[in-house]
Amino acid sequence: QTFEYESLLQHYRDKERSAPLSNVTHFCFLMHGHKGHSRDLEYLQAMLQRTADEKISAQNQEGLQQQDSEHPIMEESIIVHNLISNQKKTKDGIQNGGCRLADEVLSVIRAELWRRRTIIRKKANSETKDKVMDITISMVGNSLGGLYIRYAIAVLSGVFNQIEDGSYSIVIDNFLVRVNYNVFCTTATPHLGASRHTWVPLPRKAEIAVANFMRTTGHDLFCMNSVVKDMGTQIRFLDPLSKFHKRIVYANSFHTDFLVPAKTAAFLSNRSNYPHHFLSSSGDDNTNDESLLMNKQSGLIVAAFQTHKSSVVGNHETTTFHGEEMKKKDKEKGVGINSDELLLMSNSLDALGWKKVFVDMSSEIHMNFPKIPNRNKTRLRRQQKPKDYATTMAQALENGNNVLQSSELVDVLSPPMVGKLKLPVGHNMIVANSKSKMSHLRNKGGRPVMDTLAAELISEILSWRQRDHNLPTNIDNSGQEESQLLII
């Protein structure tokens with residue numbers, strides 16, 4: 001039995017094959033998580049394609065060039081591709097998965113260029129023969145997929161040639177392509193790793209046991225090597241990420257995600273003072289989102305914050321480091337990554353500038369976790385429940401100060417686990433995971449969240465033209481050799 005949106009996906013696949021040329025092609029790549037499948041994100045893919053079709057059809061009708069009725073040229077087009085290169089291959093580490101993903105991205109771009117070449121050859125004396133092709137790349141990664149795409153863009157940036165306007169260029173099959181990084185988004189991704197970020201605290205020996213079970217990927221996530229730390233602190237990973245016009249993270253809050261808690265999904269630190277600016281539903285803080293920042297209809301998106309870019313990466317001026325004393329305590333506890341390293345990773349990522357959206361799936365989870373006894377009445381009184389969120393946020397943002405520190409967000413969105421809690425199954429629900437009929441039914445509560453995300457992503461992707469209206473019309477590609485550019 002097929003899901004109701006599968007026919008919609010097939011419709012867009014057929015439409016892509018016969019789509020006319022466009023001056024700008026927007027690629028949006030989706031990446032599943034650990035032991036995942038491309039079907040995991042099919043609902044998001046369908047909503048992205050439907051939203052794109054609705055927005056772009058009217059826009060292209062106005063700019064459609066009618067000089068060749070058989071092969072018209074549209075202003076913009078969007079290709080949404082669900083990546084498949086890591087299906088059944090998520091155990092061999094972030095590096096291998098990221099390289100496979102980068103190779104698939106180039107293959108998809110190359111396939112579109114071949115399609116363009118076939119059409120262009122049919123157009124005698126076409127002015128598009130020597131024209132630079134503009135493409136934008138947007139990426140959405142779920143869970144481990146978010147780390148895969150972070151690694152992949154570092155690989156791709158080594159393949160591309162950076163040009164003066166901040167974009168990149170590449171020659172593929174004799175096509176000169178200008179590549180622009182557009183929107184980068186992750187959902188429930190363990191940006192700070194899994195070590196010290198499990199749903200309940202685990203001793204280091206237990207973390208190592210879980211890591212060994214997950215093989216190389218587990219070693220990466222539980223910081224038995226330096227992969228995750230390097231990705232959060234080294235320029236070769238942070239600089240390509242900074243080139244995206246917008247960066248977005250979605251995180252489950254209030255302990256509803258067993259696999260990836262809010263702290264690592266939104267790279268929060270209870271030792272960081274990095275400022276997070278509250279985004280209201282009216283679109284304050286100079287946002288241009290058409291989607292609601294506070295999804296009042298579903299009540300699932302409880303808050304959105306913006307971190308502003310900082311030239312000081314990894315050591316924000318308001319951060320307090322405890323130095324050798326904290327490292328000594330970490331060593332005594334036998335942790336895999338010390339507190340200073342986590343703090344550096346948190347601030348380094350925050351300094352790139354992110355929109356952080358916090359989701360509460362508890363209203364869609366109909367099973368409770370066994371009640372956790374209260375051993376500290378004062379602590380229980382301080383617990384912030386989802387139903388009290390509005391009051392909590394109002395108190396936190398009183399006196400017109402719409403800024404919370406990273407450490408304050410930890411207290412608000414990850415309160416002590418006491419009293420009655422919902423079963424923490426929000427990890428798959430946040431993306432409306434639809435791998436099977438059972439997961440399709442179990443996770444449909446996350447669809448309003450994905451509807452909101454799809455609307456925002458398409459809006460941001462299509463605003464690229466307004467942001468970069470002064471792009472040069474040609475690129476000096478002297479000295480570029482295709483054979484060198486295509487090696488990963």
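This structure is a prediction, so every number in the text was calculated from the model and none was measured.
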*Less than 4.5 Å apart, any side-chain heavy atom of M345 and any of V228?*
yes

*Should K355 and E456 count as an ion pair when the cut-off is N to O under 4.0 Å?*
yes

*Take T307 and H276 through the test side chain to side chain donor-acceptor pair (under 3.5 Å) and record every step on the way to the result.*
CA-CA 5 Å; T307 66; H276 288 61; 5.6 Å; no

*Would you say K356 and Y250 make side-chain contact, with heavy atoms under 4.5 Å?*
no

*Going by heavy atoms in the side chains, are V210 and F222 under 4.5 Å from each other?*
yes

*asked:* Test side-chain contact (heavy atoms from CB on, under 4.5 Å) on T186 and V140; report intermediate values, then the result.
replied: CA-CA 5 Å; T186 65; V140 182; over 6 Å; no

*Hey, mind stepping through H81 and Q45 against side-chain contact (heavy atoms from CB on, under 4.5 Å) and telling me if it holds?*
CA-CA 8 Å; H81 179 79; Q45 181 185 9; over 6 Å; no

*asked:* Please check: side-chain N/O of T256 versus main-chain N/O of N252, any donor-acceptor pairing under 3.5 Å?
replied: no

_Minimum heavy-atom distance V155-A102, with the two atoms named_ = CG1-CB, 3.9 Å

*With no hydrogens and no angle check, do the side chains of N142 and T187 hold a donor and an acceptor under 3.5 Å apart?*
yes

*With no hydrogens and no angle check, is any side-chain donor or acceptor of T51 less than 3.5 Å from a backbone partner on M47?*
yes

*Do the charged groups of D340 and R271 touch, with an N to O distance under 4.0 Å?*
yes

_Ignoring hydrogens and geometry beyond distance, is a side-chain donor-acceptor pair present between H191 and R150 at under 3.5 Å?_
yes

*For residues T264 and T189, determine if any side-chain heavy atom of one lies less than 4.5 Å from a side-chain heavy atom of the other.*
no

*Could you walk me through whether M31 and L147 pass the side-chain contact (heavy atoms from CB on, under 4.5 Å) check?*
CA-CA 10 Å; M31 184 68 238; L147 294 176; over 6 Å; no

*asked:* Testing the basics here: between W354 and I248, what is the closest heavy-atom pair and its distance to 0.1 Å?
replied: CE3-N, 3.7 Å

*asked:* If you define the side chain from C-beta out and look only at heavy atoms, does anything of D53 sit under 4.5 Å from Q49?
replied: no

*Distance-only donor-acceptor check, side chains S195 and E207, under 3.5 Å*: yes

*Calculate, to the nearest 0.5 Å, the distance between atoms CG and CG belonging to N347 and L342 respectively.*
11.0 Å

*Picking from N161, V159, I135, what satisfies side-chain contact (heavy atoms from CB on, under 4.5 Å) with I170?*
V159

*Note, F254 side chain near V412 side chain (heavy atom, < 4.5 Å)*: no

*Donor-acceptor contact below 3.5 Å, side chain R215 vs main chain N212*: no

*Could you tell me the separation between the CG atom of L413 and the NE2 atom of H255, rounded to the nearest 0.5 Å?*
9.5 Å

_Keeping D239 on the side-chain end and I235 on the backbone end, is there a donor-acceptor pair under 3.5 Å?_
no

*For N86 and T90, does a side-chain donor sit closer than 3.5 Å to a side-chain acceptor?*
no

*Report the C-alpha separation of N443 and S439 in whole Å, then their side-chain angles, then the decisive distance to 0.1 Å, and conclude whether the side chain to side chain donor-acceptor pair (under 3.5 Å) test is met.*
CA-CA 6 Å; N443 300 316; S439 60; 4.7 Å; no

*Do you know the tightest heavy-atom contact between I337 and K229?*
CD1-CB, 4.4 Å

*asked:* Less than 3.5 Å apart, any donor N or O on the side chain of S143 or H427 sitting next to an acceptor on the other?
replied: yes

_Under 3.5 Å: donor-acceptor pair, side chain of E460, backbone of L457_ = no

*Would R447 and D451 pass as an ion pair if we require N to O under 4.0 Å?*
no

_Test item: S157 and R236 side chains (from C-beta on) under 4.5 Å apart, heavy atoms_ = no

*asked:* If you compare all heavy atoms of G141 against all heavy atoms of I149, which two are closest, and at what distance to 0.1 Å?
replied: N-CD1, 3.3 Å

_How long is the straight-line distance from CH2 of W199 back to CG of L259, given to the nearest 0.5 Å?_
11.5 Å

_Carboxylate-amine/guanidinium proximity below 4.0 Å for K309 and D350_ = no

*Between E104 and S85, is there a donor-acceptor pair closer than 3.5 Å when you use the side chain of the first and the backbone of the second?*
yes

*If you round to the nearest 0.5 Å, how far is CG of D40 from CD of Q87?*
8.5 Å

*Would you call K88 and K35 a side-chain contact if the rule is heavy atoms closer than 4.5 Å?*
no

*Drop me the distance from S242's OG to R247's CZ, to the nearest 0.5 angstrom.*
6.5 Å

*For the side chain of S138 and the backbone of V183, is there at least one donor-acceptor N/O pair under 3.5 Å apart?*
yes

*Please report the C-alpha distance between N96 and T216 in whole Å, then the side-chain angles of each, then the deciding distance to 0.1 Å, and finally whether the side-chain contact (heavy atoms from CB on, under 4.5 Å) criterion is met.*
CA-CA 10 Å; N96 290 325; T216 306; 5.8 Å; no

*Would you say the side-chain atoms of S310 pair up with the backbone N or O of A351, donor to acceptor, closer than 3.5 Å?*
no

*asked:* Looking only at side-chain N and O atoms, does Y151 offer a donor or acceptor that is under 3.5 Å from a partner on D220?
replied: no

*Heavy-atom pair with the smallest gap, counting every atom of H219 and A211*: CD2-O, 3.7 Å

*When rounded to the nearest 0.5 angstrom, what distance separates CD1 in I84 from CG in L30?*
12.5 Å

*Check whether the side chains of D360 and S253 place a donor and an acceptor atom closer than 3.5 Å, and report yes or no.*
no

*Measure from the side-chain N and O atoms of S459 to the backbone N and O of A455, and report whether any donor-acceptor pair falls under 3.5 Å.*
no

*Between the main-chain N or O of N182 and the side-chain N or O of W464, is there a donor-acceptor pair closer than 3.5 Å?*
no

*Taking all non-hydrogen atoms of both residues, which atom of S406 and which atom of L268 are closest, and how far apart?*
OG-CA, 3.4 Å

*Determine, using ring centers only, whether Y181 and Y168 are less than 6.0 Å apart.*
yes

